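Here is the structure we will look at.
Quick note on labels: first sequence line is chain A, next is B, and so on, each numbered from 1. Remember, it's a predicted structure, so these values are computed and weren't measured experimentally.
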Amino acid sequence: MSTVMQAPVHATTDPLLIAGIEYRSRLLVGTGKYKDMDETRAATEASGAEIVTVAIRRTNIGQNPGEPSLLEVISPDKYTLLPNTAGCYTAGDAVRTCRLARELLDGHELVKLEVLGDEKTLFPDIVQTIEATEILVKDGFKVMVYTNDDPIIAKRFEDMGCVAVMPLAAPIGSGLGIRNPHNIMTIVENASVPILVDAGVGTASDAAIAMELGCDGVLMNTAIAGAQDPVLMASSMKKGIEAGREAFRAGRIPRKRFASASSPLDGTFF
Amino acid sequence: MNITLNGNAREYPDKLSASELLCSLGLADKRLALEVNQEIVPRSTFDSYIINSGDQVEIVHAIGGG
(Lines give C-alpha, C1' and ligand atoms only; values in the text may rest on other atoms or scores of the structure.)
Protein backbone atom coordinates (compact mmCIF):
# COMPACT_ATOMS: atom_id res chain seq x y z
CA MET A 1 0.00 0.00 0.00
CA SER A 2 1.29 3.39 -0.89
CA THR A 3 2.09 5.72 1.93
CA VAL A 4 1.97 8.77 -0.31
CA MET A 5 -0.47 11.27 1.13
CA GLN A 6 -3.07 12.83 -1.09
CA ALA A 7 -2.35 16.49 -1.63
CA PRO A 8 -4.83 18.56 0.35
CA VAL A 9 -7.45 20.30 -1.74
CA HIS A 10 -6.21 23.78 -0.85
CA ALA A 11 -2.77 23.02 -2.26
CA THR A 12 -4.05 22.51 -5.78
CA THR A 13 -3.52 25.35 -8.15
CA ASP A 14 -6.48 27.64 -8.47
CA PRO A 15 -5.33 30.48 -10.67
CA LEU A 16 -7.30 33.55 -11.61
CA LEU A 17 -7.42 33.75 -15.41
CA ILE A 18 -7.84 37.20 -16.95
CA ALA A 19 -7.42 37.74 -20.69
CA GLY A 20 -5.45 34.50 -20.99
CA ILE A 21 -2.97 35.28 -18.20
CA GLU A 22 -2.89 33.28 -14.96
CA TYR A 23 -2.54 35.05 -11.62
CA ARG A 24 -2.00 33.43 -8.23
CA SER A 25 -3.44 36.30 -6.25
CA ARG A 26 -7.13 37.12 -6.38
CA LEU A 27 -6.62 40.43 -4.62
CA LEU A 28 -6.12 43.45 -6.86
CA VAL A 29 -5.09 46.70 -5.22
CA GLY A 30 -5.03 50.37 -6.00
CA THR A 31 -2.15 52.72 -5.27
CA GLY A 32 -4.04 55.87 -4.27
CA LYS A 33 -4.33 57.62 -0.90
CA TYR A 34 -1.07 56.35 0.64
CA LYS A 35 0.97 58.81 2.65
CA ASP A 36 4.14 58.22 0.63
CA MET A 37 5.85 55.92 -1.83
CA ASP A 38 7.37 53.74 0.90
CA GLU A 39 3.95 52.99 2.33
CA THR A 40 2.62 52.31 -1.19
CA ARG A 41 5.42 49.83 -1.79
CA ALA A 42 5.12 48.08 1.58
CA ALA A 43 1.33 47.74 1.51
CA THR A 44 1.31 46.54 -2.10
CA GLU A 45 3.91 43.89 -1.25
CA ALA A 46 2.03 42.79 1.86
CA SER A 47 -1.19 42.40 -0.15
CA GLY A 48 0.45 39.83 -2.42
CA ALA A 49 -1.38 41.49 -5.33
CA GLU A 50 -0.06 40.94 -8.83
CA ILE A 51 -2.44 43.33 -10.59
CA VAL A 52 -2.14 46.92 -9.40
CA THR A 53 -4.16 49.92 -10.55
CA VAL A 54 -2.68 53.30 -11.40
CA ALA A 55 -4.22 56.61 -12.46
CA ILE A 56 -3.14 58.75 -15.42
CA ARG A 57 -2.72 62.43 -14.67
CA ARG A 58 -0.92 65.54 -15.91
CA THR A 59 2.76 65.66 -15.08
CA ASN A 60 3.55 68.56 -12.75
CA ILE A 61 5.54 70.95 -14.91
CA GLY A 62 8.51 72.46 -13.11
CA GLN A 63 7.73 70.92 -9.74
CA ASN A 64 10.07 68.47 -8.04
CA PRO A 65 11.45 66.90 -11.22
CA GLY A 66 13.59 64.59 -9.07
CA GLU A 67 10.78 63.14 -6.94
CA PRO A 68 10.34 59.36 -7.17
CA SER A 69 7.72 58.30 -9.68
CA LEU A 70 5.13 55.65 -8.93
CA LEU A 71 6.46 53.32 -11.62
CA GLU A 72 9.86 53.26 -9.90
CA VAL A 73 8.10 51.84 -6.83
CA ILE A 74 5.46 49.75 -8.59
CA SER A 75 7.56 48.42 -11.41
CA PRO A 76 5.83 47.22 -14.58
CA ASP A 77 8.42 44.41 -14.57
CA LYS A 78 7.11 43.10 -11.25
CA TYR A 79 3.39 43.92 -11.38
CA THR A 80 0.69 43.83 -14.04
CA LEU A 81 -0.33 47.46 -14.16
CA LEU A 82 -3.99 48.26 -14.57
CA PRO A 83 -4.38 51.89 -15.63
CA ASN A 84 -7.79 53.23 -14.66
CA THR A 85 -10.03 55.95 -16.01
CA ALA A 86 -10.88 57.31 -12.55
CA GLY A 87 -12.27 60.82 -12.64
CA CYS A 88 -13.77 60.43 -16.12
CA TYR A 89 -17.42 61.38 -16.51
CA THR A 90 -17.71 60.91 -20.28
CA ALA A 91 -16.94 58.06 -22.66
CA GLY A 92 -14.66 60.39 -24.63
CA ASP A 93 -12.47 61.24 -21.64
CA ALA A 94 -12.24 57.58 -20.66
CA VAL A 95 -11.18 56.48 -24.16
CA ARG A 96 -8.60 59.28 -24.32
CA THR A 97 -7.21 58.23 -20.93
CA CYS A 98 -6.90 54.60 -22.03
CA ARG A 99 -5.05 55.58 -25.21
CA LEU A 100 -2.61 57.71 -23.22
CA ALA A 101 -2.11 54.82 -20.80
CA ARG A 102 -1.37 52.43 -23.67
CA GLU A 103 1.27 54.80 -25.01
CA LEU A 104 2.69 55.39 -21.52
CA LEU A 105 2.97 51.65 -20.87
CA ASP A 106 4.38 50.64 -24.26
CA GLY A 107 1.30 49.12 -25.86
CA HIS A 108 -0.23 47.67 -22.70
CA GLU A 109 -3.87 46.80 -23.46
CA LEU A 110 -5.36 45.84 -20.09
CA VAL A 111 -7.37 48.75 -18.64
CA LYS A 112 -9.86 49.36 -15.88
CA LEU A 113 -12.74 51.31 -17.39
CA GLU A 114 -14.81 53.42 -15.06
CA VAL A 115 -17.06 56.23 -16.21
CA LEU A 116 -18.64 57.96 -13.27
CA GLY A 117 -22.11 59.43 -12.93
CA ASP A 118 -21.74 61.96 -10.14
CA GLU A 119 -19.32 63.01 -7.43
CA LYS A 120 -21.58 62.22 -4.51
CA THR A 121 -22.06 58.51 -5.24
CA LEU A 122 -19.29 57.81 -7.77
CA PHE A 123 -21.75 55.32 -9.20
CA PRO A 124 -21.00 54.34 -12.80
CA ASP A 125 -22.77 56.07 -15.68
CA ILE A 126 -23.78 52.92 -17.52
CA VAL A 127 -24.75 54.64 -20.79
CA GLN A 128 -21.34 56.32 -21.03
CA THR A 129 -19.57 53.14 -19.89
CA ILE A 130 -21.24 51.11 -22.65
CA GLU A 131 -20.26 53.73 -25.24
CA ALA A 132 -16.63 53.66 -24.06
CA THR A 133 -16.58 49.86 -23.95
CA GLU A 134 -17.67 49.64 -27.59
CA ILE A 135 -14.86 51.94 -28.72
CA LEU A 136 -12.17 50.37 -26.52
CA VAL A 137 -12.96 46.75 -27.39
CA LYS A 138 -12.94 47.65 -31.09
CA ASP A 139 -9.61 49.40 -30.55
CA GLY A 140 -8.01 46.25 -29.12
CA PHE A 141 -8.13 47.08 -25.42
CA LYS A 142 -8.74 44.37 -22.84
CA VAL A 143 -11.39 46.00 -20.73
CA MET A 144 -12.06 45.27 -17.07
CA VAL A 145 -15.20 47.26 -16.46
CA TYR A 146 -16.46 48.89 -13.27
CA THR A 147 -20.24 48.61 -13.12
CA ASN A 148 -23.10 48.54 -10.68
CA ASP A 149 -24.53 45.35 -9.20
CA ASP A 150 -27.11 44.89 -11.97
CA PRO A 151 -26.94 41.33 -13.39
CA ILE A 152 -28.48 42.36 -16.73
CA ILE A 153 -25.89 45.06 -17.32
CA ALA A 154 -23.07 42.81 -16.12
CA LYS A 155 -24.03 40.24 -18.74
CA ARG A 156 -24.22 42.97 -21.37
CA PHE A 157 -20.61 43.97 -20.66
CA GLU A 158 -19.52 40.35 -20.96
CA ASP A 159 -21.32 40.03 -24.30
CA MET A 160 -19.60 43.21 -25.50
CA GLY A 161 -16.20 41.57 -25.01
CA CYS A 162 -15.01 42.80 -21.60
CA VAL A 163 -12.36 40.48 -20.16
CA ALA A 164 -13.68 40.95 -16.62
CA VAL A 165 -16.76 42.55 -15.11
CA MET A 166 -16.36 44.38 -11.80
CA PRO A 167 -19.55 45.21 -9.94
CA LEU A 168 -19.35 47.51 -6.95
CA ALA A 169 -20.09 46.14 -3.49
CA ALA A 170 -20.96 49.63 -2.21
CA PRO A 171 -19.93 53.18 -3.20
CA ILE A 172 -16.20 53.71 -3.87
CA GLY A 173 -14.34 54.45 -0.65
CA SER A 174 -17.43 53.88 1.53
CA GLY A 175 -16.28 50.73 3.33
CA LEU A 176 -19.92 49.61 3.59
CA GLY A 177 -19.20 46.05 2.45
CA ILE A 178 -21.34 43.87 0.17
CA ARG A 179 -24.70 45.68 0.10
CA ASN A 180 -26.44 43.35 -2.33
CA PRO A 181 -25.02 39.83 -2.00
CA HIS A 182 -27.89 38.27 -3.93
CA ASN A 183 -27.23 40.38 -7.00
CA ILE A 184 -23.50 39.70 -6.80
CA MET A 185 -24.27 35.98 -6.63
CA THR A 186 -26.58 36.22 -9.64
CA ILE A 187 -23.91 38.09 -11.61
CA VAL A 188 -21.39 35.36 -10.75
CA GLU A 189 -23.77 32.55 -11.71
CA ASN A 190 -24.54 34.14 -15.09
CA ALA A 191 -20.94 34.90 -15.99
CA SER A 192 -18.36 33.19 -18.14
CA VAL A 193 -15.73 35.91 -17.59
CA PRO A 194 -14.17 36.68 -14.20
CA ILE A 195 -16.35 38.71 -11.84
CA LEU A 196 -14.44 40.89 -9.40
CA VAL A 197 -15.96 43.03 -6.71
CA ASP A 198 -14.58 46.52 -7.21
CA ALA A 199 -15.17 49.14 -4.55
CA GLY A 200 -16.97 49.32 -1.24
CA VAL A 201 -15.05 46.74 0.78
CA GLY A 202 -14.19 47.91 4.31
CA THR A 203 -12.40 45.09 6.06
CA ALA A 204 -11.14 41.53 5.61
CA SER A 205 -14.49 39.87 6.30
CA ASP A 206 -16.05 41.89 3.46
CA ALA A 207 -13.39 40.54 1.11
CA ALA A 208 -14.01 37.01 2.39
CA ILE A 209 -17.77 37.38 1.83
CA ALA A 210 -17.20 38.51 -1.75
CA MET A 211 -15.10 35.42 -2.37
CA GLU A 212 -17.60 33.13 -0.60
CA LEU A 213 -20.27 34.42 -2.98
CA GLY A 214 -18.14 33.01 -5.79
CA CYS A 215 -16.42 36.14 -7.03
CA ASP A 216 -13.17 35.52 -8.86
CA GLY A 217 -11.39 38.36 -7.08
CA VAL A 218 -11.70 41.69 -5.32
CA LEU A 219 -10.20 45.06 -6.24
CA MET A 220 -9.76 47.54 -3.40
CA ASN A 221 -7.80 50.63 -2.45
CA THR A 222 -9.28 52.78 0.33
CA ALA A 223 -9.91 49.85 2.68
CA ILE A 224 -6.15 49.26 2.77
CA ALA A 225 -4.71 52.74 2.23
CA GLY A 226 -7.14 54.36 4.66
CA ALA A 227 -6.62 51.85 7.50
CA GLN A 228 -4.66 52.99 10.54
CA ASP A 229 -1.98 50.43 9.64
CA PRO A 230 -2.21 49.96 5.87
CA VAL A 231 0.50 47.29 5.69
CA LEU A 232 -1.22 45.14 8.33
CA MET A 233 -4.59 45.63 6.64
CA ALA A 234 -3.06 44.61 3.30
CA SER A 235 -1.88 41.38 4.91
CA SER A 236 -5.32 40.75 6.44
CA MET A 237 -7.01 41.34 3.09
CA LYS A 238 -4.72 38.78 1.47
CA LYS A 239 -5.81 36.22 4.05
CA GLY A 240 -9.48 37.22 3.84
CA ILE A 241 -9.42 36.70 0.08
CA GLU A 242 -7.70 33.33 0.43
CA ALA A 243 -10.01 32.16 3.22
CA GLY A 244 -13.12 33.22 1.32
CA ARG A 245 -11.96 31.51 -1.86
CA GLU A 246 -11.20 28.25 -0.03
CA ALA A 247 -14.57 28.37 1.72
CA PHE A 248 -16.31 28.88 -1.62
CA ARG A 249 -14.46 25.95 -3.15
CA ALA A 250 -15.04 23.78 -0.10
CA GLY A 251 -18.81 24.26 -0.30
CA ARG A 252 -20.41 25.56 2.86
CA ILE A 253 -23.13 23.72 4.80
CA PRO A 254 -26.70 24.78 4.17
CA ARG A 255 -28.26 27.17 6.69
CA LYS A 256 -30.82 25.49 8.94
CA ARG A 257 -33.13 26.98 11.48
CA PHE A 258 -32.54 24.43 14.26
CA ALA A 259 -29.64 22.55 15.79
CA SER A 260 -27.94 19.39 14.57
CA ALA A 261 -25.71 17.69 17.16
CA SER A 262 -22.04 17.28 16.29
CA SER A 263 -21.45 14.33 18.66
CA PRO A 264 -23.11 10.95 17.91
CA LEU A 265 -26.22 10.10 19.92
CA ASP A 266 -25.43 6.32 19.83
CA GLY A 267 -23.29 4.89 22.64
CA THR A 268 -24.24 7.33 25.32
CA PHE A 269 -23.85 5.69 28.77
CA PHE A 270 -26.17 7.99 30.70
CA MET B 1 4.88 80.98 -30.42
CA ASN B 2 2.25 80.30 -27.79
CA ILE B 3 1.12 76.83 -26.84
CA THR B 4 -1.06 75.48 -24.06
CA LEU B 5 0.91 73.04 -21.94
CA ASN B 6 -1.07 71.00 -19.41
CA GLY B 7 -3.69 73.72 -19.32
CA ASN B 8 -1.31 76.69 -19.00
CA ALA B 9 -0.24 79.18 -21.66
CA ARG B 10 3.48 78.99 -22.48
CA GLU B 11 5.80 80.82 -24.83
CA TYR B 12 8.32 78.82 -26.89
CA PRO B 13 10.51 79.44 -29.93
CA ASP B 14 9.15 78.25 -33.29
CA LYS B 15 10.01 74.84 -34.78
CA LEU B 16 10.21 73.19 -31.38
CA SER B 17 10.34 69.40 -31.50
CA ALA B 18 8.61 67.23 -28.90
CA SER B 19 12.05 66.04 -27.73
CA GLU B 20 13.25 69.63 -27.30
CA LEU B 21 10.14 70.52 -25.32
CA LEU B 22 10.56 67.54 -22.98
CA CYS B 23 14.28 68.28 -22.59
CA SER B 24 13.56 71.88 -21.64
CA LEU B 25 11.19 70.63 -18.95
CA GLY B 26 13.70 68.15 -17.51
CA LEU B 27 11.45 65.27 -18.57
CA ALA B 28 13.55 63.75 -21.34
CA ASP B 29 14.19 60.44 -19.59
CA LYS B 30 10.86 60.17 -17.77
CA ARG B 31 8.16 57.62 -18.47
CA LEU B 32 5.33 59.74 -19.81
CA ALA B 33 2.87 60.02 -22.66
CA LEU B 34 2.40 63.02 -24.91
CA GLU B 35 -0.77 64.20 -26.58
CA VAL B 36 -1.09 67.16 -28.96
CA ASN B 37 -4.58 68.40 -29.84
CA GLN B 38 -6.00 65.19 -28.38
CA GLU B 39 -3.87 62.96 -30.64
CA ILE B 40 -1.24 60.66 -29.17
CA VAL B 41 2.34 61.45 -30.21
CA PRO B 42 4.23 58.13 -30.22
CA ARG B 43 7.51 58.19 -28.29
CA SER B 44 9.37 56.94 -31.37
CA THR B 45 8.48 60.19 -33.21
CA PHE B 46 9.45 62.70 -30.50
CA ASP B 47 12.61 63.83 -32.33
CA SER B 48 10.82 64.66 -35.57
CA TYR B 49 7.45 65.80 -34.23
CA ILE B 50 7.18 69.61 -34.46
CA ILE B 51 4.90 71.49 -32.11
CA ASN B 52 3.01 74.37 -33.72
CA SER B 53 1.68 77.66 -32.43
CA GLY B 54 -1.68 77.23 -30.71
CA ASP B 55 -1.20 73.51 -30.02
CA GLN B 56 -2.82 72.01 -26.94
CA VAL B 57 -0.11 69.84 -25.39
CA GLU B 58 -0.72 67.37 -22.61
CA ILE B 59 2.04 65.49 -20.81
CA VAL B 60 0.80 62.72 -18.51
CA HIS B 61 2.27 60.07 -16.27
CA ALA B 62 1.11 57.34 -13.89
CA ILE B 63 0.29 58.23 -10.29
CA GLY B 64 -1.34 56.42 -7.40
CA GLY B 65 -4.99 55.58 -7.98
CA GLY B 66 -7.57 52.91 -7.29
Side-chain angles (χ1 to χ4, degrees), chain A residues 28-34 36-37 39-40 44 52-66 69-74 76 81-87 92-93 95-97 99-107 112 114 146 172-173 198-199 219-226, chain B:
Chain A
L28 289 70
V29 297
T31 50
K33 296 185 177 175
Y34 287 106
D36 55 31
M37 289 291 178
E39 193 178 72
T40 309
T44 306
V52 177
T53 65
V54 300
I56 307 298
R57 290 291 180 270
R58 280 176 170 162
T59 301
N60 289 328
I61 303 295
Q63 289 175 21
N64 312 320
S69 83
L70 179 69
L71 298 190
E72 288 165 20
V73 173
I74 304 296
L81 295 186
L82 183 60
N84 69 24
T85 62
D93 286 347
V95 169
R96 203 176 149 198
T97 302
R99 287 179 176 152
L100 280 165
R102 180 165 62 184
E103 173 62 21
L104 180 70
L105 299 172
D106 304 320
K112 173 185 160 179
E114 58 180 292
Y146 164 68
I172 293 172
D198 178 6
L219 198 169
M220 65 179 77
N221 188 342
T222 306
I224 296 175
Chain B
M1 66 174 179
N2 285 304
I3 64 169
T4 305
L5 175 61
N6 283 8
N8 296 312
R10 290 258 186 158
E11 177 91 28
Y12 280 96
D14 287 350
K15 293 185 178 170
L16 180 76
S17 74
S19 290
E20 287 163 346
L21 172 65
L22 294 171
C23 251
S24 75
L25 297 167
L27 297 172
D29 55 346
K30 298 288 181 186
R31 190 186 270 266
L32 48 80
L34 177 68
E35 192 194 66
V36 176
N37 303 329
Q38 301 205 14
E39 294 288 331
I40 302 278
V41 180
R43 198 170 304 147
S44 57
T45 67
F46 281 178
D47 285 346
S48 59
Y49 189 94
I50 301 298
I51 291 166
N52 292 306
S53 181
D55 279 353
Q56 306 275 330
V57 179
E58 295 287 347
I59 302 172
V60 303
H61 66 160
I63 64 158

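In this structure, the side chain of A/T53 does not engage the main chain of A/L82 through any donor-acceptor pair within 3.5 Å.
The two residues A/E103 and B/A33 have their closest heavy-atom pair at CG-CB, 4.0 Å. Closest non-hydrogen pair, B/L21 versus B/S24, comes out as O-OG, 2.7 Å. Closest approach of B/C23 to B/A28, counting heavy atoms only: SG-CB, 3.8 Å.
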With side chain to side chain contact (heavy atoms under 4.5 Å, CB included) as the test, would you mind laying out the steps for A/D198 and A/E114 before giving the verdict?
-> CA-CA 10 Å; A/D198 178 6; A/E114 58 180 292; 5.6 Å; no
Given B/L22 and B/S19, is the side chain to side chain contact (heavy atoms under 4.5 Å, CB included) satisfied, shown in steps?
-> CA-CA 5 Å; B/L22 294 171; B/S19 290; 6.0 Å; no
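Screening residues 14-23 of chain B for salt bridge (charged side-chain N to carboxylate O under 4.0 Å, His left out), with sequence neighbours left out, gives no hits.
Taking non-hydrogen atoms and a 4.5 Å limit, the residue list of residues 42-53 of chain B in contact with chain A, ordered by number, reads B/P42, B/R43. Against chain A, the residues from residues 54-66 of chain B that qualify, each with a non-hydrogen atom under 4.5 angstrom away, are B/E58, B/I59, B/V60, B/H61, B/A62, B/I63, B/G64, B/G65, B/G66 in number order.
Options A/K112, A/R96, A/M220, A/R102 differ in how many heavy-atom pairs under 4.5 Å they form with chain B, and the most are formed by A/R96. With chain B as partner, the option from A/A199, A/A55, A/G30 having the largest number of non-hydrogen pairs under 4.5 angstrom is A/A55. Chain B forms more heavy-atom pairs under 4.5 Å with one residue of A/T222, A/L219, A/I61, A/T40 than with any other, namely A/I61. Between chain A and the options B/L5, B/N8, B/N6, B/L34, the largest number of non-hydrogen pairs under 4.5 Å is found for B/N6.
There is no contact between A/K33 and chain B, counting heavy-atom distances below 4.5 Å. For A/L71, the part sitting under 4.5 Å from any heavy atom of chain B is the side chain, from C-beta outward, and nothing else.
Side-chain atoms of A/L104 and A/P83, non-hydrogen and from C-beta on, never get closer than 4.5 Å to each other. Taking the side chain as every heavy atom from C-beta outward, A/T31 and A/N221 never approach each other to under 4.5 Å. No side-chain heavy atom of A/E72 sits less than 4.5 Å from a side-chain heavy atom of A/M37.
Counting heavy atoms of neighbouring residues, nucleotides and ligands inside a 6.0 Å radius, atom CD of B/E11 exceeds 12 of them.
Residues meeting the side-chain hydrogen bond (donor to acceptor under 3.5 Å, both in side chains) test with A/T59, sequence neighbours left out: none.
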